[in-house]
Number of protein chains: 2
Amino acid sequence: MRHNYIYHGDCADVLKKFPEDHFALAITSPPYANKRGGPKVNTYVDWFQPIAKELYRVLRDDGSFVLNIKECVVKGERHTYVHDLIGMLRGMGWLWVEEYCWHKRNSFPGKWPNRFRDAFERCHHFTKNKHFCMYQDEVRVPIGDWSKSRLKHLSATDRQRDPSKVGSGFGKNVSNWVDRDTVFPTNVLHMATECGNKQHSSAFPLWLPEWFMRLFTKEGDTILDPFLGSGTSAVAAKCLKRKFVGIEVNKQHVETARERIRNDKGRKGAG
Amino acid sequence: MRHNYIYHGDCADVLKKFPEDHFALAITSPPYANKRGGPKVNTYVDWFQPIAKELYRVLRDDGSFVLNIKECVVKGERHTYVHDLIGMLRGMGWLWVEEYCWHKRNSFPGKWPNRFRDAFERCHHFTKNKHFCMYQDEVRVPIGDWSKSRLKHLSATDRQRDPSKVGSGFGKNVSNWVDRDTVFPTNVLHMATECGNKQHSSAFPLWLPEWFMRLFTKEGDTILDPFLGSGTSAVAAKCLKRKFVGIEVNKQHVETARERIRNDKGRKGAG
DNA sequence: GTTCCGCATGAATCGATAG
DNA sequence: ACTATCGATTCATGCGGAA
């Protein structure tokens, strides 16, 4: 298996040749059911099952699998194929650790008589074990404005309590407050808070895989996207100095993705 | 059955005495599994089943049922009891029309090694039929500054698709004015855009049931909350000139709710 | 009257400890 | 091995009182 390479083929086949216990993160946005030539809802789980099996095999025991997916509407109802999918994965041994909510603030315009525009998707976080790699400090966000007044007051209190330590520069209290420039995010992701990047127009925006890659991997780790599409995950991994392996069945997409990787300078061409 | 009244008792029993095909909306936030003395996750669906049966019976054929609920964590994993609940309801004949995402800006603080703070809940929208009452114009929101710039970038086809059916009966000028300054919301609810009400510190904030009541009922309709709690739904219904019927098993809560209804002048005492 | 500041407090979850 | 309880962690907001 080659690193920093995009394989052309069906991931159900290609994955079989990959070594086990290898990837720190598998992150993907598979074809949704009934969309863009994706599987039909009633066959979706069966279609995904062998792929999930291989993903489980190739993922490191302390690794994570992030699955971006969304229910579709069938006959006026949200379909439950995502619930069924989660059930299948849990039956296979995956732990459904968390469901992140990706709030799409620029959702597609439209109007229907029985629903509003759909402005969120899920990013399901699965692992093989209760303990796994998670680098929470890597995704801290700037603290809100509300804290400025409070921070002012707290530093004053700190000074009153122990003036001598402030001057020394190494007081425990002081170092605690310095850390308060940033806080941990929540499980609701929206570009405004999670990233300073202006790039946010595509179906799978660059900042989204970047966020999960920073959260679940470190530099030098290897990341897999079995449905690479136009290569967003690969670009994100390259930006973050992670190794990537992508698989894509559509030859046109493979070439687009390879081109993006070749041309990418920092963030250029992303989206 | 009395209108604008709060019944004390177990809703599974109380509902049996209510007439069928009566309520325009049932909206509730039942006790979550493993929380606040609520049922355990493994008994939750069986516990809810007979209640759901009665709700189906008493709801009008063109009515809606809005269920606010959230998964809890069990042994490091999100539990799937909400999925099972949706499956049970669908098996009973309910249509799972939509899942609204309530983005909670004041989520509970905390830090854990495997997850971040939970900042969203779901509001599941069920109906008995594909066609149901939905008054979308009642929840239009003022257009935000962000969208003004975005409007510039809308394609010609997007603009042409505008239905411009709003304000029939009024002059065309009115309809244009409405179209330009307000917009339909998405299925992601957050107090900032959906409501100007400052009251939103409680577990089930007033603006949330208000929003669904405006969306799914009109003045004079009758609304049911089988788990009324401290009476937020009843206050909301009263504010909006809808009739309400509440059921609450905890005598203390019943008295709190009755007191709130008596004292309520507009929005006072909500929360 | 406005603005500012202190404070309480939420549908939480984990890991350790105790029975 | 399994359940029950407890301490520690943590931040956005409204409210009330003060400047």
Practice problem: Would you kindly give the CG-to-P distance between Asn106(B) and dC15(D), to the nearest whole Å? | Solution: 12 Å

Practice problem: Provide, to the nearest angstrom, the distance between the NE2 atom belonging to His103(B) and the C1' atom belonging to dA12(D). | Solution: 11 Å

Quiz item: On DNA chain D, nearest-nucleotide positions of Arg117(B) versus Lys40(B): which is more 5'?
Solution: Lys40(B)

Quiz item: Got a sec, which residues hit ring-ring contact (aromatic ring centres under 6.0 Å, His included) with Phe227(B), two or more places apart in sequence or on another chain?
Solution: Trp47(B)

Quiz prompt | Contacts of type salt bridge (Lys or Arg N to Asp or Glu O under 4.0 Å), residue Lys218(A), not counting sequence neighbours | solution = Asp221(A)

Exercise. Report the residues that fulfil ring-ring contact (aromatic ring centres under 6.0 Å, His included) with Phe120(B), sequence neighbours left out, ordered by chain and then residue number.
Key: none

Practice problem: Under the side chain to side chain donor-acceptor pair (under 3.5 Å) rule, collect the residues that match up with His131(A), sequence neighbours excluded. | Solution: none

Atom pairs and distances, side-chain donor-acceptor, residues 87-98 of chain B, under 3.5 Å, sequence neighbours left out:
{"residue": "Arg90(B)", "atom": "NE", "partner": "Glu77(A)", "partner atom": "OE2", "Å": "2.9"}
{"residue": "Arg90(B)", "atom": "NH2", "partner": "Glu77(A)", "partner atom": "OE1", "Å": "3.0"}
{"residue": "Trp96(B)", "atom": "NE1", "partner": "His124(B)", "partner atom": "ND1", "Å": "3.1"}
{"residue": "Glu98(B)", "atom": "OE1", "partner": "Arg78(A)", "partner atom": "NE", "Å": "2.5"}
{"residue": "Glu98(B)", "atom": "OE1", "partner": "Arg78(A)", "partner atom": "NH2", "Å": "3.1"}
{"residue": "Glu98(B)", "atom": "OE2", "partner": "Arg78(A)", "partner atom": "NH2", "Å": "3.0"}
{"residue": "Glu98(B)", "atom": "OE2", "partner": "Asn187(B)", "partner atom": "ND2", "Å": "3.2"}

Quiz item: Can you tell me how far P of dG10(C) sits from CD of Glu121(B), to the nearest Å?
Solution: 15 Å

Self-check item: Residues that Asn114(B) engages under side chain to side chain donor-acceptor pair (under 3.5 Å), provided they are two or more places apart
Solution: none

Quiz item: Under 4.0 Å between a side-chain N/O of Arg105(B) and OP1 or OP2 of dT13(D), yes or no?
Solution: yes

Quiz item: Rounded to the Å, how far apart are Phe204(B) CZ and dT9(C) P?
Solution: 23 Å

Practice problem: Can you see which heavy atom on Val58(A) is nearest to which on Leu224(A), and at what distance? | Solution: CG2-CD2, 4.0 Å

Exercise. Starting at the 5' end of DNA chain C, write a dot or bracket for each base, bracketing those in Watson-Crick or G-U wobble pairs whose two distances are under 3.5 Å and using | for partners on another strand.
Key: .|||||||||.||||||||

Using a cut-off of under 3.5 Å, enumerate the N/O to N/O pairs linking the protein to nucleotides 12-19 of chain C.
{"residue": "dT13(C)", "atom": "OP1", "partner": "Arg78(B)", "partner atom": "NH1", "Å": "3.3"}
{"residue": "dT13(C)", "atom": "OP2", "partner": "Lys35(B)", "partner atom": "NZ", "Å": "3.2"}
{"residue": "dT13(C)", "atom": "O4'", "partner": "Trp112(B)", "partner atom": "NE1", "Å": "3.1"}
{"residue": "dT13(C)", "atom": "N1", "partner": "Trp112(B)", "partner atom": "NE1", "Å": "3.4"}
{"residue": "dT13(C)", "atom": "O2", "partner": "Trp112(B)", "partner atom": "NE1", "Å": "2.5"}
{"residue": "dC14(C)", "atom": "OP1", "partner": "Asn114(B)", "partner atom": "ND2", "Å": "3.3"}
{"residue": "dC14(C)", "atom": "OP1", "partner": "Arg115(B)", "partner atom": "NE", "Å": "3.3"}

Quiz item: In whole Å, what is the span from the CH2 atom of Trp207(B) to the P atom of dT13(D)?
Solution: 12 Å

Quiz prompt | Sequence-distant partners of Asp13(B), salt bridge (Lys or Arg N to Asp or Glu O under 4.0 Å), two or more places apart | solution = none

